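Atoms within each ligand, like the ligands themselves, are counted from 1 in listed order. Because the structure is predicted, anything quoted here is derived from the model rather than measured.
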Amino acid sequence: MKQVVVEALQTASPMPIEPHMVERPLHSQMGDYALPCFSMAKTLRKSPKLIAEEIAASVSHPAIQKAEAVNGYVNLFLERHSAAESVLHPILAEGAAYGTSTLGADGVATIDMSSPNIAKPFSMGHLRSTVIGNSIALLLEKSGYCPVKINYIGDWGTQFGKLLTAYRKWGSQEEVERAPITALLQLYIRFHEEAETDDSLNDEGRAAFKALEDGEPDALALWKWFKEESLKEFQRIYDLLGVTFDSYNGEAYYNDKMEPVVEALDHKGLLTESDGALVVDLGEEMPPCLIKKSDGATLYATRDLAAATDRKTTYDFVQSIYVVGNEQSLHFQQLTQVLKQMGYDWAQDITHIPFGMILKDGKKMSTRKGKIVLLEEVLKEAIELAKRNIEAKNPSLKNKEEVARAVGVGAILFSDLKQHRKHDIEFDLEKMLQTEGETGPYLQYSCARAHSVLRKAEGRGDQGITEVNDFEWDIITQLQLFPEAVRRATVELDPSIIAKYAIDLAQAFNSFYGNVHILSDTANQSFRLSLVQCVSIVLEESLRLLGMQAPREM
Ligand code: ARG
């Protein structure tokens with residue numbers, strides 16, 4: 001629409017009109033678009049008021065219904081009929097593909113996401129990473145990139161030596177099989193407790209990790225089993241969330257790929273010794289990056305350096321994205337800086353997408369001793385609550401289980417994605433499951449409502465439009481904003497733009513639904529049904545981009 005407005009203004013303006021000069025007025029009484037004439041005043045040596053009057057008087061374009069000059073602004077009202085048609089037509093023709101673009105030109109974007117740690121609970125932070133990363137992948141795909149979702153499992157490091165030791169001393173196979181994460185975590189906690197008074201345990205732990213690094217079969221077999229059991233438990237969460245990955249190459253995968261990186265660092269003269277450890281000095285701005293401990297052990301950063309270079313070689317990415325909490329910002333700054341010092345210009349294509357914490361009653365939902373919040377239980381509770389709501393409101397609904405799952409999970413996803421990710425978010429299940437307000441279920445209900453109208457109207461509809469009322473017009477203006485919302489969300493790697501867009505569209509639709517008699521009033525019926533159809537298409541696609549499902553009936 002904006003393009004048409006720019007064209008129309010061009011025919012009447014003494015100066016070239018750029019799209020950015022045209023604004024959307026706050027109130028619809030002031031038109032659909034407005035051109036402020038203040039910046040032109042200087043060049044034209046005329047008052048803005050006069051310029052606006054002259055432009056308004058000579059605008060003549062089939063897409064413009066009227067132009068008014070008000071205090072130095074040209075306010076433009078669009079010809080609603082033709083605008084409506086030009087908005088609805090592509091949506092009906094393209095369906096879910098509406099808003100798709102070739103912005104990414106098929107470039108690969110790797111997304112490091114989720115990445116939980118073996119033998120540790122899947123934390124709220126891992127949930128955020130999974131949910132935000134998944135939506136970013138969907139957005140990138142819609143905008144013509146090839147996303148590669150990488151689950152960089154935390155399956156390596158000295159803690160595994162401790163875990164092996166603890167299991168050999170106190171572990172039981174049945175317990176690990178019954179509840180892997182809980183059992184392994186207990187062992188880990190016990191190790192730390194006992195090591196406080198018995199330092200020899202720490203030595204045993206180190207020796208066990210050394211054995212693991214050297215590929216000693218017993219140690220390796222045990223570690224593999226811990227990993228499989230943990231992954232099984234994580235998989236249940238991914239199944240509930242509906243998230244899949246293209247790669248599960250985690251930290252252990254890089255065990256034998258770090259040496260070349262350390263050699264390259266050495267070769268380029270970047271390694272310095274500090275208290276027996278090898279570090280890369282990063283100047284005044286940042287603490288040095290630790291590459292090897294004094295006992296020769298590699299670190300988290302060493303593995304990430306190996307992984308980053310490996311991803312460049314394997315995928316030749318145009319963007320390498322890491323969706324990891326705020327608390328690791330320094331780590332990613334160091335990682336990028338080291339790669340830059342190594343002379344890799346692709347280091348500039350690395351983006352860390354940090355996010356805040358999930359809070360419960362203002363406090364971090366933690367996985368520390370004694371109060372482990374198991375994510376799977378949280379998800380199941382949400383589904384259970386959603387089911388209770390269905391039983392109360394619509395007990396005869398078909399596929400109750402399926403709908404409850406979509407709504408329970410959708411509620412959690414949406415409450416996470418609707419705010420800009422850098423904010424901490426308060427976790428309140430009851431609130432996020434409400435069907436009013438800015439919630440996932442509100443959007444899903446709006447979608448189902450649109451489908452219900454379409455089902456009831458099957459085969460109905462007159463021809464043509466007599467007029468486009470304000471409720472209808474609001475929907476039209478929202479619908480045409482979708483491609484731009486997708487573009488912005490992709491460029492800014494920010495799903496909350498789509499979440500907010502979906503709320504605006506659903507609100508416009510619901511006031512239309514509440515004020516216009518779509519089914520009983522035969523006037524304009526086919527136009528109105530097309531409108532409803534377009535809402536259902538665009539709303540459903542918005543939800544899909546957030547990783548949410550849209551049940552047809554609720
Ligand atoms: N496993 C890590 C953690 O739970 C997150 C890994 C993030 N990705 C990375 N490439 N460092 O804290």
Side-chain angles (χ1 to χ4, degrees), residues 109-134 136-137 147-160 162-163 181 184-185 188 223 226-227 230-231 233-235 237-238 243 245-255 257-258 261 289-291 298-315 317 319-339 344 346-347 349-358 364-368 372-375 421 493:
T110 55
I111 306 157
D112 185 305
M113 54 184 268
S114 197
S115 310
N117 302 320
I118 296 306
K120 292 261 182 72
F122 193 101
S123 72
M124 286 291 160
H126 298 126
L127 171 72
R128 293 210 75 181
S129 170
T130 311
V131 165
I132 297 169
N134 191 48
I136 287 179
V148 177
K149 292 177 282 180
I150 303 176
N151 195 344
Y152 184 70
I153 302 282
D155 54 2
W156 207 246
T158 46
Q159 70 271 27
F160 290 98
K162 297 176 184 174
L163 196 61
I181 307 276
L184 294 172
L185 186 69
Y188 191 64
W223 167 82
F226 292 162
K227 182 168 164 171
S230 305
L231 282 178
E233 205 162 323
F234 297 152
Q235 191 54 47
I237 294 174
Y238 297 137
V243 174
F245 299 93
D246 302 300
S247 162
Y248 280 88
N249 286 349
E251 295 188 44
Y253 178 79
Y254 293 99
N255 184 32
K257 296 176 184 61
M258 280 178 285
V261 177
C289 180
L290 204 52
I291 303 293
T298 55
L299 293 111
Y300 185 52
T302 330
R303 288 186 281 282
D304 253 330
L305 281 170
T309 15
D310 176 61
R311 284 174 197 172
K312 184 62 194 176
T313 329
T314 310
Y315 301 111
F317 56 70
Q319 280 198 63
S320 174
I321 296 162
Y322 293 82
V323 188
V324 187
N326 282 335
E327 65 282 359
Q328 295 195 27
S329 289
L330 176 62
H331 167 75
F332 287 104
Q333 280 164 22
Q334 291 177 310
L335 181 71
T336 314
Q337 199 53 39
V338 172
L339 292 167
Y344 299 138
W346 50 263
D349 303 325
I350 290 179
T351 315
H352 174 213
I353 301 288
F355 51 79
M357 285 184 297
I358 297 192
K364 183 177 177 188
M365 281 178 95
S366 91
T367 53
R368 242 176 293 139
I372 318 167
V373 184
L374 285 184
L375 185 65
R421 54 172 188 265
L493 300 171

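Taking the six-membered ring where the residue is Trp, the centroids of Trp156 and Tyr254 are separated by 6.0 Å or more.
In this pair, Tyr248 and Phe245 present their aromatic rings perpendicular. The plane angle is above 60°, beyond the 30 to 60° band.
In terms of modelled atom types and a separation under 3.5 Å, the side chain of Thr130 and the main chain of Arg128 share no donor-acceptor contact. Although no hydrogens or angles enter the test, the distance criterion places a donor-acceptor pair under 3.5 Å between the side chain of Thr302 and the main chain of Ile291.
With sequence neighbours excluded, the residues forming a ring pair (Phe, Tyr, Trp, His ring centres under 6.0 Å) with Tyr322 are Phe332, listed by chain and number.
Nearest heavy-atom pair, Met113 versus Asn134, reported as atom, atom and distance to 0.1 Å: CE-N, 3.5 Å.
Protein residues having at least one heavy atom under 4.0 Å from any atom of ligand 1 are Asp112, Ser115, Asn117, His126, Tyr152, Tyr300, Asp304, Tyr322, Val324, Gln328, Phe332, listed by chain and number.
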